[in-house]
Structures are given as structure tokens and as C-alpha cells.
Amino acid sequence: MTTDASDAVEIRNALLRLRRGTGLPVAFGGLMEAGQRMRISELSGTATHALRSLAVTSGTGLGGKTVALSRPCVVTDYSASRQISHEYDAPVAAEGLRSVLAVPVVVRHRVRGVLYGALRTALPLGGRMLDVAVEAARDLERALVVRDEARTLAAEATAGDGTGPGWEQVREAHTALRALAPRIADPELRAELLGACALLTAESAGSPRVRLAPREVDVLACVAAGATNAVAAERLGVTPETVKGYLRSAMRKLRARTRGEAVVAARRAGWLP
């Protein structure tokens, strides 16, 4: 498994959140490759490139121990620690790191990567710092899940003809993701999820000719899934009257006389899968 550009962005965002939340000056991380090996691909706050592209095997060093145990691990003085093996002492010393924490990124019960935070002095790391690092890893896990599912569904959609059971799954997933997005507080993660939604529609191929507001698309996605106004309101966390208002507005823009016509027009315009 390799780290593509979108995954690299997610890792960098997680590292920035880790540094901001913990106050640690250095953070780095990467995703797993084949053969139980993790490669450090992203650096934040480092002074050298000693750690870039370093391949860490499961069970070796701090990160490898984290992969093997699938839990956070911390050392107060990396080079002197008796809790880890020392295959990577040279690049760690070249960066001048002493205290280091490592947290696993776990997706569907499998370690997908590791995030590290570090100090250049030998001081205890733990408590609140470790909690923040773990939360940064959880954010990355959620983003990877959304991306994985979007890629899978987009591949199914590309392979299909738009009418089979695979397409029904795509449409159900699109509706669920659109309903979930407004409830996510983190604006970066919310934007990523909406970007994943766009991968499931023609919206990702260019700007649709008919401009719809995000909530109008949300309502149409629910209607396309067969939801009544009351059910759509419950899913979206608004009132049935609000749903009616968004639906009327969308129908007017799409020049549709019925709910069914609105769904068909929205699909033709690239707003719905």
C-alpha cells in the first residue's frame, strides 16, 4: 500500500493538529506498506531530512513496537531506552530527538500507520499530550475510512451502468454521507467528507450548470433514497417545514414539477449519483 497525494494531505493535517494540541515542536508519520512495514512520509517541524522515507518494520524501534502492539508507546530518552530496539538510533540522533511518543492509526482493526510527536530534550511525555496525539490519530482514521469507502464506491460506479444493485449502494452511501457532514464540527474533516461525496457524482468532473445550495442537495439526496419530508428532517436535524422550503427551492432551480422530476434533473445535472 502506498501513500497517495490525498492521504499525504490527511497525514500532514493530523501532524499539525498533534503539534498544535500538544505543543511538541516535532511531529512525523506515515502509512503501512506491504510486509508489515511503515514508511515515514510526512515531517512537520523537523530540522533535517534524516527521518524522511525511513522504513520501520513491525516490532522494531518505537514505531514498530506501536505497530506490533496496536497501542500508543512512549520513551523519555530514545537512544537510552531499554523498552525498544535500536535499529533507528542514527536518524533519530541526527534529528536530535530525545523524548518521543508514537500512536497507531487503526482502521477496521488493522494498523494503517503511525503518528509521532517528539522533543529534543529528555522530558516525560504522557497525560494530556498523549490524549491529544491519540485524538489526532482518530481524526486521521475517520478521514481514511471516508476516503476508502468513496474510492470503493466510485470504482463500483465506474464499472457499472448506473442501474444495478451496486449503484443503489452508491446512492445510499451518498445520502448517508451528505446527512453526516453537517454534524462534523471539524471544518477540514467536513470538507474532506463532502469532497468524498463529490467523487460519487458527476459534480467532481466539473461545475454543474444548475447551482444548488448544499442543503438543497442534502434534501434531494434524502428524497432520492425514498425518504418522506419527516424522515429527511430527522436525518438532517432540521424541521419538516425547512425540508419543504429547500425542496421547493431546488425544484424551482431544476424546473421540476414533482419530487421525482427533481431527483432525475439533479442526477442529470451531476448533483446526485
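Partners of S81 according to the side chain to side chain contact (heavy atoms under 4.5 Å, CB included) rule, which considers only residues two or more places apart in sequence or in another chain, are V75, Q83, I84. For R252, the side chain to side chain contact (heavy atoms under 4.5 Å, CB included) criterion is met by S249, not counting sequence neighbours. Checked against side chain to side chain contact (heavy atoms under 4.5 Å, CB included), A68 has the following partners two or more places apart in sequence or in another chain: S58. By the side chain to side chain contact (heavy atoms under 4.5 Å, CB included) test, A47 pairs with E95, R120, sequence neighbours left out. R259 is linked by a side-chain hydrogen bond (donor to acceptor under 3.5 Å, both in side chains) to N229, counting only residues two or more places apart in sequence or in another chain.
Atom CG of L115 sits about 11.0 Å away from atom CD of E42, to the nearest 0.5 Å. For the atom pair OG1 of T46 and CZ of F28, the computed distance is 9.0 Å after rounding to the nearest 0.5 Å. Interatomic distance, I11 CD1 to S41 OG, rounded to the nearest 0.5 Å: 4.0 Å. Here R39 contributes atom CZ and L54 contributes atom CG; the two are 8.0 Å apart, rounded to the nearest 0.5 Å. Interatomic distance, H49 NE2 to L43 CG, rounded to the nearest 0.5 Å: 7.5 Å. With rounding to the nearest 0.5 Å, the separation of CG in L140 from CG in D7 is 8.0 Å.
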* Give the intermediate values and the outcome of side chain to side chain contact (heavy atoms under 4.5 Å, CB included) for residues L125 and L130. => CA-CA 7 Å; L125 301 179; L130 194 57; over 6 Å; no

* **side chain to side chain contact (heavy atoms under 4.5 Å, CB included) assessment of L254 paired with L220** => CA-CA 11 Å; L254 294 166; L220 286 171; 3.9 Å; yes

* To do: Would you please test V67 and V56 for side chain to side chain contact (heavy atoms under 4.5 Å, CB included) and show each step?
  => CA-CA 9 Å; V67 171; V56 178; over 6 Å; no

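A salt bridge does not link R128 to D131: none of the charged nitrogens lies less than 4.0 Å from a carboxylate oxygen. Under the 4.0 Å criterion applied to side-chain N and carboxylate O atoms, E135 and R142 are assigned as salt-bridge partners.
At least one donor-acceptor pair closer than 3.5 Å links the side chain of T66 to the backbone N or O of L62. With hydrogens and angles ignored, the 3.5 Å screen pairs a side-chain donor or acceptor of S85 with a backbone N or O of G61. In terms of modelled atom types and a separation under 3.5 Å, the side chain of W271 and the main chain of E216 share no donor-acceptor contact. When atom types are taken as modelled, the side chain of T76 and the backbone of L123 share no donor-acceptor pair closer than 3.5 angstrom. In terms of modelled atom types and a separation under 3.5 Å, the side chain of E141 and the main chain of V106 share a donor-acceptor contact.
Side-chain contact of R19 with S44: a donor-acceptor pair under 3.5 Å is present, judged by distance alone. A donor-acceptor contact closer than 3.5 angstrom links the side chains of T60 and Y88.
Two different hydrophobic clusters hold V264 and V219 under the rule that ILVMFWY side chains link at heavy-atom gaps under 4.5 Å. In the hydrophobic cluster analysis, where Ile, Leu, Val, Met, Phe, Trp and Tyr join through side-chain heavy atoms closer than 4.5 angstrom, V105 is grouped apart from L16. Note on V132: it does not cluster hydrophobically with L24, by side-chain heavy-atom contacts below 4.5 Å among ILVMFWY residues.
Surrounding CD of Q36 are at most 12 heavy atoms belonging to other residues, nucleotides or ligands under 6.0 Å away. Heavy-atom neighbours of Y246 OH from other residues, nucleotides or ligands within 6.0 Å: at or below the threshold of 12.
Between L212 and V217, the shortest heavy-atom contact is CB-CG2, 3.9 Å. Contact detail for A122 and R98: the closest heavy-atom pair is CB-NH2, 3.6 Å. The shortest non-hydrogen separation linking R37 to A55 is CD-CB, 3.4 Å. Pairing each heavy atom of T22 with each of A133, the nearest pair is CG2-N, 4.3 Å. Shortest non-hydrogen contact noted between A80 and H86 is N-CE1, 4.4 Å. Nearest heavy atom pair, residue L18 against residue G117, reads CD2-CA, 4.0 Å.
Two residues are said to be in side-chain contact when any heavy atoms from C-beta on lie closer than 4.5 Å; Y116 and V103 fail this criterion. In this structure, the side chains of L97 and Y78 stay at 4.5 Å or more apart for every pair of heavy atoms.
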Which donor-acceptor pairs under 3.5 Å do the side chains of residues 230-240 make with protein atoms, sequence neighbours left out?
{"from": "T239", "atom 1": "OG1", "to": "T242", "atom 2": "N", "distance (Å)": "3.1"}
{"from": "T239", "atom 1": "OG1", "to": "T242", "atom 2": "OG1", "distance (Å)": "2.8"}

